[in-house]
Amino acid sequence: MRVALGQIPVSSRPSVNADRVRAALAQAAADGADLAVFPEATQIRFGSDLRAAAEPLDGPFCSGLAAAAKDTGVALVAGVFEPGPDGRVYNTAVAYDGAGELVASYRKLHLFDAFGYRESEFVAPGSTPVLCTVAGVRAGLEICYDVRFGELSRALAVAGAQLLVLPAAWAAGLFKEEHWITLVRARAIENTVWVAAVGQVPDPDEPPTKAATGVGRSLLVDPLGVVRVDMGPAAGVAVGSVDAGLVEEVRATVPSLANRREDVFGPPVR
């Protein structure tokens with residue numbers, strides 16, 4: 001299976017972002033991709049009025065994602081915003097298959113109340129881990145800050161994930177890029193899964209903001225923690241191969257999931 005990392009800049013205008021997704025999907029299709037992963041908040045960048053932009057999953061933006069997937073035959077995962085409770089929104093990852101059908105949606109569990117930022121002021125937390133089949137692979141969905149919580153990745157892996165899909169808008173800051181790379185590789189190594197982690201890059205047509213606009217460094221990491229693709233800081237689309245069979249090969253040699261002490265720690269929460 002071929003996975004495209006769609007490392008796009010994200011605008012404050014959803015229509016601009018929709019055009020960027022379509023262009024990136026066309027490139028992904030030309031490069032033989034079966035699945036394209038886009039950043040957290042692909043719909044509209046942080047620092048914008050998220051409440052005004054939020055739509056139900058059958059709204060115009062998601063309908064456009066579905067149509068783009070259908071037109072190209074490439075499945076996709078991207079970050080959007082849904083209306084939530086108490087005047088807040090949900091930070092959601094949606095997954096569409098190559099026929100444009102919605103196969104899963106995941107609401108971010110862990111909100112970024114860290115480094116002086118409080119995502120929970122305008123985003124409501126989700127409550128359920130999500131595992132789905134997309135482009136023929138069992139994939140667990142995560143969003144950005146979730147990567148710091150190893151129990152989520154472990155639960156998804158134990159439940160059958162061969163690939164963790166991680167849209168992000170990783171904020172810049174002291175040691176932040178090093179944290180990103182280390183955490184993404186660690187989630188792959190400890191769970192013996194592939195990880196496709198895709199971040200935003202800043203939009204040069206937008207004014208600077210203190211909100212997260214991404215550092216790039218989208219990564220495709222294999223179940224041994226080898227970085228197969230590292231996109232660096234520039235916008236673009238990169239395609240790499242994901243061999244689901246490698247998951248079982250690695251687990252035969254490094255059976256860290258099978259050797260987990262459930263009698264001591266209990267089963268992972270699912």
Side-chain angles (χ1 to χ4, degrees), residues 1-6 28 32-38 40 57 65-66 69 73-79 92-110 126-144 146-147 149-168 183-198 218-226 228-229 239-260 262 267-270:
M1 194 259 282
R2 300 267 287 166
V3 176
L5 311 182
D34 303 289
L35 169 67
V37 182
F38 292 94
E40 176 186 22
L57 298 186
L65 294 179
V74 179
L76 71 84
V77 176
T92 302
V94 289
Y96 292 90
D97 65 18
E101 296 295 324
L102 181 68
V103 296
S105 63
Y106 162 69
R107 292 169 174 171
K108 187 176 184 181
L109 289 176
H110 302 100
S127 58
T128 307
V130 172
L131 183 69
C132 65
T133 299
V134 61
V137 171
R138 293 293 284 167
L141 303 182
E142 303 184 12
I143 299 174
C144 203
D146 284 330
V147 75
F149 300 85
E151 60 269 29
L152 175 57
S153 298
R154 176 54 51 89
L156 292 167
V158 169
Q162 301 161 305
L163 169 70
L164 300 179
V165 178
L166 179 65
L183 288 162
V184 171
R185 292 188 67 203
R187 298 294 86 87
I189 293 166
E190 68 195 6
N191 295 297
T192 52
V193 293
W194 289 87
V195 181
V198 178
S218 297
L219 303 169
L220 179 65
V221 183
D222 77 16
L224 283 172
V226 177
R228 300 294 188 96
V229 177
V239 179
S241 294
V242 168
D243 178 3
L246 184 60
V247 173
E248 298 310 316
E249 291 179 24
V250 170
R251 288 178 181 176
T253 304
V254 189
S256 52
L257 294 186
N259 292 342
R260 184 178 179 277
E262 289 197 7
V269 176
R270 300 189 186 185

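All heavy atoms count here, side chains included; hydrogens, waters and symmetry mates do not.
Once rounded to the nearest 0.5 Å, the distance linking CG of L141 with OG1 of T128 reads 12.5 Å. The CG atom of L183 sits 11.0 Å away from atom CG of L219, with the distance rounded to the nearest 0.5 Å. Atoms CZ and OG1, from R187 and T192 in turn, are 13.0 Å apart once rounded to the nearest 0.5 Å.
In this structure, R107 and T92 approach most closely via the heavy-atom pair CG-OG1, 3.6 Å. Nearest heavy atoms, R138 versus G160: CB-O, 3.4 Å. Across all their heavy atoms, E190 and R154 have their closest contact at O-NH2, 2.8 Å. Closest heavy-atom contact between G6 and V198: O-CG1, 3.6 Å. Scanning all heavy atoms of the two residues, the minimum distance from L257 to N191 falls at CD1-O, 3.8 Å. Of all heavy-atom pairs between A161 and G140, the closest is CB-N, 3.9 Å.
Under the 3.5 Å distance criterion, the side-chain polar atoms of N259 are left unmatched by any main-chain donor or acceptor of S256.
V229 pairs by the side-chain contact (heavy atoms from CB on, under 4.5 Å) definition with L5, L220, M231, A238, not counting sequence neighbours. Among residues two or more places apart in sequence or in another chain, the side-chain contact (heavy atoms from CB on, under 4.5 Å) test is passed with R2 by D34, V239, S241.
For the pair V193/R251, a side-chain contact is recorded, criterion being any heavy-atom separation below 4.5 Å from C-beta on. Proximity of E142 to F149: side-chain heavy atoms (C-beta onward) are nowhere separated by under 4.5 Å. The closest side-chain heavy-atom distance from C144 to H110 is not below 4.5 Å. Inter-residue side-chain proximity for V165 and Y106 is flagged as unmet; no heavy-atom pair is nearer than 4.5 Å. Using a 4.5 Å cut-off on side-chain heavy atoms (C-beta onward), L35 and L163 make contact. Side chains of S105 and V130 form no contact here, defined as non-hydrogen atoms less than 4.5 Å apart.
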